[in-house]
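Every heavy atom of this structure was used, including side-chain atoms; hydrogens, water molecules and symmetry mates were not. Since we're looking at a predicted model, the values are computed, not measured.
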Amino acid sequence: MLNPTASKEPLQAHSSTLSLELFQVIINKFLEDTKELFTSYLEKMGKAWWVEIITKKPDCTYYFGPFVSHREAQLAQLGYLEDLEQERPQLIAIEIKQCQPKELTVFKDEWREKTYINISPDLSA
């Protein structure tokens, strides 16, 4: 005859493991969603942290973020520098700051064009 008690123990252990794994997935998803919501709030308030990288050749300012903390941005900056190395730019400056960039990549020539476009006709000439 089969022993019903012996066969239930591995099943219960397996069920407990699955329940724990499911609970961990739910908690991790909750924490991820909460962080995204908080980051979005900080971004809207202009309090999120961004990595600003300024290069020459191409003359650009790059913004990477948003991040919840200065430390989080600091840890991520190396990866962004590695990505930019493919373009072989001349690095000018890296700054981690709280801001609210309107564009993630700003080319110096575009900045000049926008400056000239926004000049009032009354002020020109």
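Of the possible donor and acceptor atoms, one in the side chain of Thr34 sits under 3.5 Å from a partner among the backbone N and O of Phe30. The main-chain N or O of Val51 is never found under 3.5 Å from a side-chain atom of Gln77 such that the two would form a donor-acceptor pair.
To the nearest 0.5 Å, atom CD of residue Glu52 and atom NZ of residue Lys97 are 3.5 Å apart. From Tyr63, atom OH reaches atom CD of Glu95 across 8.5 Å, with rounding to the nearest 0.5 Å. Here Ser69 contributes atom OG and Gln98 contributes atom CD; the two are 10.0 Å apart, rounded to the nearest 0.5 Å. Of the inter-residue distances, the one linking Ile94 atom CD1 with Gln74 atom CD reads 11.0 Å to the nearest 0.5 angstrom. Taken from OG1 in Thr61 to CD in Glu103, the straight-line distance is 10.5 Å, to the nearest 0.5 Å. One finds the CD atom of Gln90 at 12.5 Å from the CD1 atom of Ile54 (value rounded to the nearest 0.5 Å).
Shown here for Glu43 and Pro66, the closest heavy-atom pair between the two residues is OE1-CG, 3.6 Å. For His70 against Ile96, the heavy-atom pair with the smallest separation is CD2-CG2, 3.5 Å. Closest approach of Ile92 and Lys56 over heavy atoms only: CD1-CB, 3.6 Å.
A 4.5 Å side-chain heavy-atom check between Leu91 and Ile53 finds at least one atom pair inside the cut-off. Residues Glu85 and Tyr80 form no side-chain contact, since every pair of their non-hydrogen atoms from C-beta on lies 4.5 Å or further apart. Counting heavy atoms from C-beta outward, Tyr62 and Asp83 have side chains that stay 4.5 Å or more apart. In this structure the side chain of Trp49 never reaches within 4.5 angstrom of the side chain of Val68, judged on heavy atoms. The closest side-chain heavy-atom distance from Glu32 to Lys35 is not below 4.5 Å. Here the side chains of Cys60 and Pro89 are not in contact, with every heavy-atom distance at 4.5 Å or above. Taking 4.5 Å as the limit, every side-chain heavy atom of Thr39 sits out of range of all side-chain heavy atoms of Phe67.
In the hydrophobic clustering of ILVMFWY residues, with side-chain heavy atoms under 4.5 Å counting as a link, Leu81 and Phe64 come out together.
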